[in-house]
Amino acid sequence: MTIVREKHHLLLRLSHWLNVPLLTLMIWSGVLIYWAHQPYLTIPDDLGPFELHHRLAEGMAWHFTVMWLLVINGLIYFSYLCFSGEWRELVPHRRIFPDAFRYILFDLKISRTSPEWSGKFNPAQRLAYFSAILLSIGAVISGLAIYKPVTLSFLLTLLGGYEVARFIHFFCMMSLVLFIFLHLIQVARAGWNNFRAMVAGYEMEK
Amino acid sequence: MKWKNNYKLRTIISCLLLLSFFFVSWKVFRHISDGEKISGAPAPLYKGYVLNQKVWEMLRSAKRASKGSGKSLKGKSPRVNGDIGLQAPVDIERYSVEVVSPEKSVLLPLGAFKALPKISTSTEFRCIEGWSEEISYAGARFSEFLSAYSLGKKPDGKYYSYVGLETPDGEYYVSIDMESMLHEQTVLTYEMNEAPLSLENGAPIRLIIPVKYGIKSLKRIGKIIFSDQRPRDYWAEEGYDWYSGL
């Protein structure tokens, strides 16, 4: 007997998929801005088919328009988490670090025993998704601080100055890129049933 | 079983919707990128600039400041970035600045600026490229310059909305909103880092406006314009944000 279970609410799926073009645009335009001054990593003028050089104005124009859409999408997602109570699925419990570590060992088939868990997400997912939320908030706050360092000077002071804020923004972006990379691998490994849940909303259990 | 067929249909429709969503997203991106431009920026993104300007003009306070640490920067030369408008030879001995508004035009010698109270201050000076450095600078506060020579106001006593500045050869030019020009850190500068301005930093007189990106701090002021129509702006014509406020 196959059991069909609703997994991801429509609102959650909408905001998830909206993130794909919006976040892509933000990262791409951010790299165009970064090209003009490269304090951490030196990037090439062209990255495969992507021309990165001398596009600062274009990068800024996209970055500072799309940011509104991405923030609005983020707020929709947060409101959904709050009102549905689904934030409970994401907020880490006390033993999240050892549990996530043990789950990763289990997932990599190094260990045979999985830590006990319940809910939508395993401990590694819980930690990864929660971190992604924190990184997004960090990217928005540090982004605002370097975007308007005089008008929002309190944010700059809070973060420890222009250079620090710029580094935090860069760090959050790079960590989110790493998250997306691991996320794609894990989605591919988890298979169709899991992927379909994010598209059509339901999963099946035999 | 009926429910299973329904779920299959739901999956097919959802997948098709997702694929069309990606397709439409790509089309919208191409359309915006390749479509109509306003001042060098794709039209919808130009509207984004305008929206942002409204938001930040609402949120800014007259007391906002970009203060430096105040430590001495004597002997350190300010970073030079850009030489547009500085190519023509300049006669510093007989230098004068043309001040133009719809009702009058005056020629002010350099002494007219140096006669005003000298303000010395420091700031974090930020480039639109992403770097910044601390500078100290000295000169006449722009707001005091206006009141001392009764400039910048219309016959009805209200300020003009915009100030335009140009190099003597007219090759580089900016325009700035009056509120930012009246900011207390906006200075008509003749000294940087406790030394007279060098030629490549805009001698004999330049603007330093720390509430804007460095592109607005025009070097070697040849002309000051007051107007309610926004005067031309070099980088805003190239797709950069005209407001460029920090």
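Nothing here was measured: the structure is a model prediction, and the numbers come from that model. Residue numbering restarts at 1 for every chain, and letters A, B, ... go by the order of the sequence lines.
Not one N or O on the side chain of B:K47 forms a donor-acceptor pair closer than 3.5 Å with the backbone of A:T65. Checked by atom type and distance alone, the side chain of B:T11 never pairs as donor or acceptor with a backbone atom of A:A200 at under 3.5 Å.
For A:L25, the part sitting under 4.5 Å from any heavy atom of chain B is the side chain, from C-beta outward, and nothing else. Residue contact with chain B, scored on non-hydrogen atoms closer than 4.5 Å, is absent for A:V66. Interface remark: A:W35 contributes no atoms to any contact with chain B (heavy atom separation under 4.5 Å). Proximity to chain B is absent for every atom of A:Q38, based on heavy atoms less than 4.5 angstrom apart. With a threshold of 4.5 angstrom between heavy atoms, B:F21 approaches chain A through side-chain atoms but not through N, CA, C or O. In this structure, chain A has a heavy atom under 4.5 Å from the side chain of B:L51, while its backbone stays farther away. Contact annotation for B:S61: neither backbone nor side-chain heavy atoms come within less than 4.5 Å of a heavy atom of chain A.
Most heavy-atom pairs under 4.5 Å with chain A, from the set B:I13, B:I128, B:V211: that is B:I128. Comparing B:E238, B:R64, B:E129 by how many heavy-atom pairs each has under 4.5 Å with chain A, the most go to B:E129.
A cation-pi arrangement is not found for B:R10 relative to A:Y202, the charged atom failing to lie both closer than 6.0 Å to the ring centre and inside a 45° cone about the ring normal.
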